[in-house]
Amino acid sequence: MKQIMSNKISLVVFFALCISAVAHAESKQSAGYPITPVPFTSVKVSDGFWGQRLQAARTVTVPLAFSKCEETGRYTNFENAAAHLLDTSKVFEIKQGTFSFDDTDPYKTIEGASYLLQTYPDKQLEHYVDSVIAIIGRAQEPDGYLYTSRTQNPQAPHPWAGERRWVKEEDLSHELYNLGHMVEAAIAHYQATGKRTFLDIAIRYADCVCREVGPGAGQARVVPGHQIAEMALAKLYLVTGDKKYLDEAKFLLDERGKTTITHSYSQAHKPVIEQDEAVGHAVRAAYMYAGMADVAALTGDSAYVKAIDRIWENIVSKKLYITGGIGATNQGEAFGRNYELPNMTAYCETCAAIGNVYVNHRLFLLHGESKYYDVLERSLYNGLISGMSLDGGAFFYPNPLASEGQHQRQPWFGCACCPSNICRFIPSIPGYVYAVKEQNVFVNLFLPNQCALDVNGKRVKLSQKTSYPWDGDITLTVDENRAGEFSLKIRVPGWADNQVVPSDLYSFCDSHAAGYSFRVTTSDGKIATTSRLERTGDGYMTMKRKWKKGDRVEIHFDMPARTVRAHKAVRADVGRVCVLRGPLVYCAEHPDNSFNLNSALVSRQPSFTMSETSIAGTQVKTLQTLVQTLSYDDAGRLTISDATLTLIPYYAWAHRGRGQMAVWLPQDVSAISIEKAEVVKQKDNGFFSGE
Ligand code: FUB
Ligand code: ZN
């Protein structure tokens, strides 16, 4: 380990996003990334668009998830396992319809609660979490193994668990997936509270895995059927300084493709460094790519980076939805073929959108280019938060781009991976705003906040005022600077420079051209820069100065509503356009439009007006444009009528009853359908059982 660390000595020391509150950490290792994210604990977001989402997560989502864990017997599984450990004559029948990874829902909710505790101290919540951890701890076997699907009833465990430990790991047991979420949650809890209770439980399970799973004689030579342990073990190495966890993470990556199960569903069709296309289960894939980035950053293994760079190119140019969603099909909850991006049956699992954020964040930390944030931001504002209702109390598992009313958010699912992932993701969002590399401060997202960060060990404070994403005006103020000269690198979003995504998968098709401007005003009121600066090759506007307290950068991004076409190979979108405004994807929904959405023809050069409405108590900006609708009159003649099409932000759909929704709208007559589209429901895939 010493050797690795000395190779990295010149790299900025940091704890990755979720390893942020270092106050209680025993060991501050370098996570190896050349760029250091500013932890969410240093970025205060109290209002605005994300302030609302954070409040919903805190006041509704996390409490709801804990109550669902109680109600659905998630805790009972731990209690049963504990009872069996005390008296082996007691066994408990595994209930039908439960999953071998149900233990992860309490873990993920604890993780979210722990992030919240760092920003909003709450003794009651802390005590509740402590009580859940006590229940979890009692279910741990003496050698550290913690998997209630077996321990409750070792002779007749969950059907996916296998007769013995690890024998079904590559299939569906999820023993290592459970470990991964446990470790992530335990680290978050430790860093929030300084308490080792959960961390010690997780370390005991991780040690059990390191002893029992590996290349040695007598060890199970298996890799995770569902990835996440790779990321988690890399993080555990950072917290404990014990290199065996990093070695185990690397083993789990390097062994993939060389064991018994070699299917693409779990990305085991070839060794990870030979992979170049995103295939198989989308959440598994995204977590694996994120794990590869973490291990590459720590070990300097460039082969991992080359592989994930190739896979990223494949995703952004052929497998990415305009909403930032990934995973086109419910068959295996998987990526489809190149350009296979259906709308009504789009799977776009909420967890996969979260995974997409993880991957793009890590690629930014490795390469420092804004294009990764263009994908991250698209996912964040659209395909990810659509997974959560505006009040935080209901969830989408798939996030389709068209509906005939068959899709509705639900307060929980039998397979509850998405709601519990929302619990842990949303509170971490402030950690995606800023990053630092030597004398460069990256400003990647725009939201009202106050932030304190370190530039070469010296304190800098910044704040942002903005109504983004509703308009493109941001004032960034330097509130303190002890670092002397440094560069502000402000991201110019691709959409503000006429690029929808960093590929030719989607392009603007109207005649608008968005623009942007930057103005630096010094603390004494002088305008220092007014010229239209250009975005540099890395996608940032770089401004190097001896910044003084009170200096301001006024940023303006034009934010016209614009129409977008997909690459002609995307059959589902042929002849159709979708509407973007800034980072937001818009959609048309039934309550605002009294005609069949598939029969409305959008103009080639539409002009939009904007207004405001309240959806489920939340203000959103809507767009209106004139369209022509086709229908048959009573005599069966085709008639064309003028109508106003109203669009709402995609993330806000499905709050006003069941009905039609479409992101991609006809612009060519060939795409018009006078009849309503056939309702296509997701088939039951055993995990998500359709609407
Ligand atoms: O297998 C665990 C989780 O359940 C996956 O990440 C989701 O896709 C769902 O299948
Ligand atoms: Zn999920």
Side-chain angles (χ1 to χ4, degrees), residues 61 65 68 72 74 97-109 111-112 147 149 158-161 168-182 184 223-232 261 263 265-268 278-291 325-336 346-359 379 383-388 394-400 409-426 682-691:
T61 315
K68 291 291 179 187
T72 59
R74 300 302 203 255
T98 61
F99 291 89
S100 57
F101 48 85
D102 282 353
D103 294 354
T104 61
D105 295 323
Y107 300 160
K108 287 150 86 181
T109 313
E111 185 178 339
Y147 179 67
S149 293
H158 191 285
W160 291 357
K168 280 204 174 176
E169 172 49 42
E170 296 191 353
D171 188 5
L172 284 172
S173 80
H174 288 78
E175 286 149 293
L176 295 174
Y177 174 79
N178 284 10
L179 168 81
H181 276 301
M182 183 197 295
E184 298 254 342
V223 297
H226 193 312
Q227 297 88 330
I228 193 177
E230 302 82 350
M231 273 190 269
I261 291 191
H263 49 40
Y265 171 71
S266 57
Q267 300 74 40
V279 291
H281 187 272
V283 185
R284 283 167 166 81
Y287 287 5
M288 182 176 92
Y289 310 146
I326 52 171
T329 168
N330 79 317
Q331 300 299 315
E333 308 185 297
F335 284 101
Y347 204 66
C348 289
E349 184 179 339
T350 301
C351 291
I354 292 174
N356 198 22
V357 167
Y358 290 163
V359 174
S379 188
L384 196 161
I385 48 161
S386 61
M388 172 191 185
F395 311 93
F396 271 137
Y397 187 134
N399 291 272
R409 291 187 189 82
Q410 296 170 35
W412 195 247
F413 305 98
C415 169
C417 53
C418 297
S420 52
N421 234 355
I422 286 277
C423 283
R424 71 188 192 119
F425 180 77
I426 298 288
Q682 299 284 356
K683 293 198 188 71
D684 186 351
N685 59 18
F687 286 89
F688 175 69
S689 305
E691 268 88 16

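Positions are given from 1 along the sequence. Side chains are part of it too, since the values below use all heavy atoms of this structure and drop only hydrogens, waters and symmetry mates. Atoms within each ligand, like the ligands themselves, are counted from 1 in listed order.
For atom 7 (C) of ligand 1, the closest heavy atom belonging to the protein is Glu349 OE2, 3.2 Å. Atom 10 (O) of ligand 1 has Glu333 OE1, 2.5 Å as its closest protein atom, hydrogens excluded (heavy atom only). Residue, atom and distance of the protein heavy atom nearest to atom 9 (C) of ligand 1 are Tyr397 OH, 3.1 Å.
The closest side-chain donor-acceptor pair between Tyr265 and Glu333, if any, does not fall under 3.5 angstrom. Checked by atom type, the side-chain pair Thr329/Gln331 shows no donor-acceptor distance below 3.5 Å. No hydrogens or angles considered: nothing links the side chains of Ser173 and Lys168 as a donor-acceptor pair under 3.5 Å.
Using bins of under 30°, 30° to 60° and over 60° for the plane-to-plane angle, the ring pair Phe413/Tyr397 lands in the perpendicular bin. Aromatic ring pairs are classed by plane angle as parallel below 30°, tilted from 30° to 60° and perpendicular above 60°; the pair His226 and His174 is tilted. Relative orientation of the Phe688 and Tyr347 rings is perpendicular, given thresholds of 30° and 60° on the angle between their planes.
For the pairing with Ile385, the side-chain contact (heavy atoms from CB on, under 4.5 Å) check across Ile426, Ile422, Asn399 returns one residue only, Ile426.
Proximity to His281 (heavy-atom distance under 4.0 Å) selects the following atoms of ligand 1: 5 (C), 6 (O), 7 (C), 8 (O), 10 (O).
Within the 4.0 Å heavy-atom criterion, the part of Cys415 lying near ligand 1 is the side chain and not the backbone. Using a 4.0 Å cut-off between heavy atoms, Phe688 makes no contact with ligand 1 at all.
Residue side and main chain included, Cys415 places no N/O/S atom under 2.8 Å of the Zn ion (ligand 2).
The N, O or S atom of Glu349 lying closest to the Zn ion (ligand 2) is OE2.
Distances shorter than 4.0 angstrom occur between a heavy atom of Tyr177 and an atom of ligand 1.
Between His226, His181, His174, it is His226 that holds the heavy atom closest to atom 6 (O) of ligand 1.
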